[in-house]
Every structure is written in structure tokens, then in C-alpha cells.
Colleague: 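This is the structure, below, for whatever I ask next.
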Number of protein chains: 2
Amino acid sequence: MEETLAEAFWAVTRRLRLHTRNALQPWNVSPSQSRALGVLSRHGEMRLSAVAEHLHIAPRSATEVIDDLQRRNLVERRPDPSDRRATLVALTADGVTTARAIDEARAAEAERLFAALDPADRTELARILRRLRDPN
Amino acid sequence: MEETLAEAFWAVTRRLRLHTRNALQPWNVSPSQSRALGVLSRHGEMRLSAVAEHLHIAPRSATEVIDDLQRRNLVERRPDPSDRRATLVALTADGVTTARAIDEARAAEAERLFAALDPADRTELARILRRLRDPN
DNA sequence: GGATAAAGCTGAGGTTACCTCAACATGAGG
DNA sequence: CCTCATGTTGAGGTAACCTCAGCTTTATCC
């Protein structure tokens with residue numbers, strides 16, 4: 001019974017991943033890059049180590065993702081004025097519009113998946129997921 | 001609203017992945033190896049290419065996973081008597097018991113996650129996931 | 001007011017789980 | 001039988017992570 005629940009979960013996750021990949025294709029931005037863009041878009045300028053925390057990855061790995069985005073002029077680094085060891089990362093103008101566009105595309109793709117549910121089911125699903133996501 | 005649904009989904013998926021990783025630890029079997037064991041356990045002996053299909057990976061990649069499992073004496077290869085190009089893959093005795101034990105551990109870990117739901121919610125979730133997993 | 005420890009980032013180099021492409025053996029159809 | 005397709009694998013590549021050591025800068029503690 002639970003095995004079935006977990007399996008069903010993985011199956012849907014897989015579909016969601018494919019939809020997301022689809023949504024990202026036009027910008028050829030990798031999933032991990034898009035996650036970083038999302039974090040910076042939602043929370044604004046922050047330290048590199050903070051990006052790492054948000055993405056649940058090691059600081060060294062965040063350096064790489066940010067390198068890639070910087071190479072594409074989607075983010076920029078500047079020294080943290082309050083601590084000369086740290087560097088702050090923020091979206092560029094290009095980064096802001098790209099992040100927004102990607103967000104919309106992703107939402108549209110997700111909508112295509114969740115369109116199978118009527119409003120009541122969506123509410124139910126949201127409630128159940130909320131219960132599962134926190135260890136209460 | 002859908003964005004929130006997708007995000008909640010990813011959050012729960014992440015928890016489920018951590019639980020699964022936890023469950024696999026005692027056997028130090030990688031997730032992809034455990035998936036292969038699961039396929040062979042559920043469907044029995046099959047061609048390498050069939051394993052690849054079940055796992056949604058390229059045949060070449062299945063070769064690698066099976067190599068690893070063979071090195072650990074969990075599976076064995078034998079030539080397909082009906083087609084000498086093909087090789088059949090099956091669990092060894094060790095593989096059978098390991099696959100069973102892993103399956104149980106994973107179910108137990110999943111149970112720990114889904115324990116947050118009462119029976120009615122589980123049924124609801126199962127129904128909704130079923131609706132989402134097929135493109136009907 | 002140094003000496004010492006800790007924090008923040010990155011270069012170097014590794015790992016995992018995938019991939020493609022080409023080679024090779026075998027099977028199938030005209 | 002000759003050509004074409006199929007099944008597996010060697011060689012080599014990539015993405016997204018990782019650890020560890022080194023450098024600079026900040027904080028702490030006699």
C-alpha cells in the first residue's frame with residue numbers, strides 16, 4: 001500500500017521533471033541553473049554561501065553554478081562591502097527578465113500536468129502535500 | 001497556485017528521496033542499482049535491453065549498472081539461448097534476498113513519511129496520483 | 001595588540017549516473 | 001548469400017555534484 005504510494009509518487013515526479021525540462025528548453029538553461037535563478041529572483045541579492053544553502057548544495061558547487069550564469073550575463077558578483085571575504089550575487093537586468101520568463105514557462109508546463117485535476121482535487125492535493133512536507 | 005503545487009511536490013519528493021537514501025544505506029547499494037534490483041525482482045530474468053527500458057535509460061547505461069551488480073554477485077548474466085547476440089540477466093540467490101530486504105527497508109522508510117496521513121488521506125492521495133501519472 | 005582560530009570563496013581533482021558513437025557478433029528478409 | 005537490422009559493449013564525454021587544500025579577511029582570546 002505504501003510501496004504503491006511511493007511508486008505513484010515517483011511516477012508523477014518523473015512526469016513533472018519531464019515537463020520542467022520541456023519548459024526550460026527554449027532558454028537552454030540547465031535545471032540547476034534555473035533553480036539558482038529562481039532563488040535569486042525570489043530573495044534578491046545574497047551571498048554565495050546563502051545561495052548554496054537555498055539550493056541545498058555545497059558552497060563550492062554554488063560557485064560553479066554562479067560561474068555559469070555569470071558567463072551568460074544573467075547574474076553578477078560584487079564584493080560584500082561589509083565583509084571583504086564574501087561576494088554578493090544578484091540578477092542582472094537580463095537575469096531578471098529571463099528568470100521571470102522561465103518562471104512563467106514552468107508554471108505553464110506545470111499547469112498542463114495538473115490540468116488533469118479539478119479544483120477540489122487540487123485543494124486536496126495541496127493540503128496533503130503540505131502535511132507531508134513538514135516533519136510535524 | 002500551480003506553481004505552489006509544483007513546489008510542494010518537489011519538496012515532498014526531496015523528503016522521499018532522503019528517506020530512500022536512508023533505507024539503502026545499510027546495503028550500500030546506489031539508488032540506480034536498487035532500481036535495477038527492483039525490476040529484476042518484480043519481473044524476473046530478462047534481457048539487458050529490457051532492463052534498460054524498464055529503467056528508462058540507454059542500453060549502454062544498463063550494461064554499467066548490471067556490471068556493478070554482477071561484481072557484487074547480486075545478479076548473473078547468461079547468453080540468451082534463443083538469440084546469441086543477447087544476454088539474459090537474473091538475480092542470484094544473494095540478489096533475491098538482498099532485493100527483498102531492500103524492498104522492505106524502503107517500504108518501511110516510505111511508511112515513516114506517509115505516516116503523517118490518515119487512511120482517508122492516503123486513499124485520496126493515491127487516487128489523485130493515479131490521475132496525474134497517466135496522460136488521460 | 002598580536003597570535004590563533006574561524007569564515008568565505010575558489011583551484012584542483014574526484015565521483016556518479018548518465019550519454020553518444022562506433023565496433024563486433026549475430027539474426028532476418030529479400 | 002548479401003544486405004540490413006539488432007544486441008551488447010569499449011572508448012570517451014558531460015552535468016552536477018563532492019572534498020580538500022589554499023588564500024584572504026574577520027573574529028576571538030589571552
Side-chain angles (χ1 to χ4, degrees), chain A residues 10 13-14 17-18 20-22 24-25 27-40 45-72 74-90 102, chain B residues 10 13-14 17-18 20-22 24-25 27-40 45-72 74-90 102:
Chain A
W10 285 124
T13 295
R14 188 175 125 73
R17 184 165 39 236
L18 295 178
T20 302
R21 197 170 64 74
N22 221 15
L24 294 178
Q25 189 147 348
W27 288 272
N28 63 311
V29 159
S30 76
S32 78
Q33 288 168 14
S34 86
R35 266 170 267 149
L37 287 177
V39 164
L40 290 168
E45 186 175 56
M46 64 176 74
R47 287 191 181 180
L48 214 135
S49 48
V51 176
E53 272 177 40
H54 277 284
L55 297 178
H56 306 289
I57 61 180
R60 183 61 182 86
S61 305
T63 295
E64 271 170 54
V65 178
I66 297 304
D67 282 350
D68 292 344
L69 292 174
Q70 194 169 26
R71 222 169 283 127
R72 289 155 156 282
L74 296 176
V75 307
E76 52 191 5
R77 275 181 241 239
R78 70 182 179 99
D80 184 337
S82 76
D83 185 340
R84 279 185 295 178
R85 290 170 300 182
T87 62
L88 294 172
V89 184
I102 286 177
Chain B
W10 285 124
T13 294
R14 179 162 181 287
R17 185 166 37 239
L18 294 178
T20 301
R21 197 171 64 71
N22 221 12
L24 294 178
Q25 191 146 348
W27 289 273
N28 63 312
V29 158
S30 75
S32 78
Q33 286 168 15
S34 85
R35 266 170 268 148
L37 288 178
V39 164
L40 289 168
E45 186 176 54
M46 66 176 77
R47 287 191 180 179
L48 214 135
S49 49
V51 175
E53 272 176 42
H54 278 285
L55 298 177
H56 305 289
I57 61 180
R60 183 62 182 85
S61 305
T63 295
E64 271 170 55
V65 178
I66 296 304
D67 282 350
D68 293 344
L69 292 175
Q70 194 169 28
R71 223 169 282 128
R72 290 155 155 282
L74 297 175
V75 307
E76 52 191 4
R77 276 183 240 238
R78 69 180 179 102
D80 185 337
S82 76
D83 184 342
R84 277 185 298 178
R85 291 170 300 183
T87 64
L88 293 172
V89 184
I102 286 178

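Below, read A as the first sequence line, B as the second, and so on, with proteins coming before strands; counting in each chain starts at 1. Worth saying up front: this structure is predicted, and the values here are computed from it rather than measured.
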Colleague: In this structure, are over 12 heavy atoms from other groups packed under 6.0 Å from B/Arg21 atom CZ?
Modeller: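 Counting other residues, nucleotides and ligands, CZ of B/Arg21 stays at 12 neighbours or fewer.
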
Colleague: Hey, are the side chains of A/Arg17 and B/Trp10 touching, using non-hydrogen atoms and a 4.5 Å cut-off?
Modeller: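 A side-chain contact under 4.5 Å exists here.
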
Colleague: Does a side-chain N or O from A/Arg84 land closer than 4.0 Å to OP1 or OP2 of D/dT26, or not?
Modeller: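 Yes, A/Arg84 has a side-chain N/O under 4.0 Å of OP1/OP2 on D/dT26.
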
Colleague: Check whether any side-chain heavy atom of B/Leu18 sits under 4.5 Å from a side-chain heavy atom of B/Asn22, and report yes or no.
Modeller: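 Side-chain contact under 4.5 Å: no.
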
Colleague: Return the CG to OG distance between B/Leu88 and B/Ser82, rounded to the nearest 0.5 Å.
Modeller: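 Those atoms lie 7.0 Å apart.
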
Colleague: Should A/Arg47 and A/Asp83 count as an ion pair when the cut-off is N to O under 4.0 Å?
Modeller: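 Yes, A/Arg47 and A/Asp83 are salt-bridged.
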
Colleague: Does B/Thr87 make a side-chain N or O approach to OP1 or OP2 of D/dT8 shorter than 4.0 Å?
Modeller: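 Looking at the OP1 and OP2 atoms of D/dT8, one of them is under 4.0 Å from a side-chain N or O of B/Thr87.
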
Colleague: May I ask you to evaluate whether B/Arg47 reaches the phosphate of D/dG7, defined as a side-chain N or O under 4.0 Å from OP1 or OP2?
Modeller: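 Yes, within the criterion.
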
Colleague: Picking from D/dT9, D/dG7, D/dC17, which would you name as closest to the side chain of B/Pro59?
Modeller: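 Nearest to the side-chain atoms of B/Pro59, counting from C-beta on, is D/dT9.
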
Colleague: Working to the nearest 0.5 angstrom, can you tell me the gap between B/Arg35 CZ and B/Leu55 CG?
Modeller: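 Answer rounded to 0.5 Å: 7.5 Å.
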
Colleague: Rounded to whole angstroms, how far apart are CD on B/Gln70 and C1' on D/dT9?
Modeller: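 Going from B/Gln70 (CD) to D/dT9 (C1'), I get 13 Å.
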
Colleague: Could you report the tightest heavy-atom contact between A/Val29 and A/Ser34, atom names first, then the distance?
Modeller: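 Nearest pair, atom of A/Val29 first, then A/Ser34: CG1-N, 3.6 Å.
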
Colleague: Return the value, rounded to whole Å, for the distance between atom NE2 of A/His56 and atom P of D/dC17.
Modeller: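 Roughly 11 Å, once rounded to whole Å.
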
Colleague: How would you label the contact of A/Ser61 with the nucleic acid (heavy atoms, under 4.0 Å): base, sugar-phosphate, or nothing?
Modeller: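 Here A/Ser61 touches the bases of the nucleic acid.
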
Colleague: At the 4.0 Å heavy-atom cut-off to chain A, mark where contacts on DNA chain C begin and end, going 5' to 3'.
Modeller: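 Counting from the 5' end, contacts occupy C/dA6 to C/dA12.
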
Colleague: Pick out which of A/Gln70, A/Arg72, A/Arg71 makes a side chain to side chain donor-acceptor pair (under 3.5 Å) with A/Asp68.
Modeller: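 By the side chain to side chain donor-acceptor pair (under 3.5 Å) criterion, A/Asp68 pairs with just one of A/Gln70, A/Arg72, A/Arg71: A/Arg71.
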
Colleague: B/Ile57 has an atom CD1; how far is it from atom P of D/dG7, in whole Å?
Modeller: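 Distance check: B/Ile57 CD1 to D/dG7 P gives 16 Å.
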
Colleague: So, do A/Arg78 and A/Thr87 sit near enough that their side-chain heavy atoms are less than 4.5 Å apart?
Modeller: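 A side-chain contact is absent here, since even the closest heavy-atom pair is not under 4.5 Å.
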
Colleague: Taking for each residue the nucleotide of DNA chain D bearing the nearest heavy atom, is the 5' side occupied by A/Arg85 or by B/Thr63?
Modeller: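 Closer to the 5' end of DNA chain D: B/Thr63.
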
Colleague: A side-chain contact here means heavy atoms from C-beta on lying under 4.5 Å apart; do B/Ile66 and B/Arg77 qualify?
Modeller: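 With C-beta onward as the side chain, the pair touches.
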
Colleague: From CG of A/Asn28 over to C1' of D/dA15, roughly how many Å is that when rounded to an integer?
Modeller: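 Taking atom C1' of D/dA15 as the reference, CG of A/Asn28 is at 14 Å.
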
Colleague: What is the distance from CG of A/Leu24 to C1' of D/dA15, rounded to the nearest Å?
Modeller: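 Going from CG in A/Leu24 over to C1' in D/dA15 covers 14 Å.
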
Colleague: Measure from CG on A/Asp83 to P on D/dT26 and round the result to the nearest Å.
Modeller: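 After rounding, the gap between these two atoms is 5 Å.
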
Colleague: Rounding to a whole Å, what distance do you find between B/Leu48:CG and D/dT8:C1'?
Modeller: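 Those two atoms, CG and C1', are 7 Å apart.
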
Colleague: Let me spell it out: for each of A/Val65 and B/Asp67, pick the nucleotide of DNA chain D with the closest heavy atom. Which residue's pick is nearer the 5' end?
Modeller: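 The residue closer to the strand's 5' end, by nearest nucleotide, is B/Asp67.
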
Colleague: When you measure from every atom of DNA chain D, which of residues 29-37 of chain B have a heavy atom less than 4.0 Å away?
Modeller: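 DNA chain D contact set from residues 29-37 of chain B: none.
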
Colleague: Rounded to whole Å, please give me the gap between CG in A/Leu69 and C1' in D/dA15.
Modeller: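 Atom-to-atom, A/Leu69 to D/dA15, this comes out as 14 Å.
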
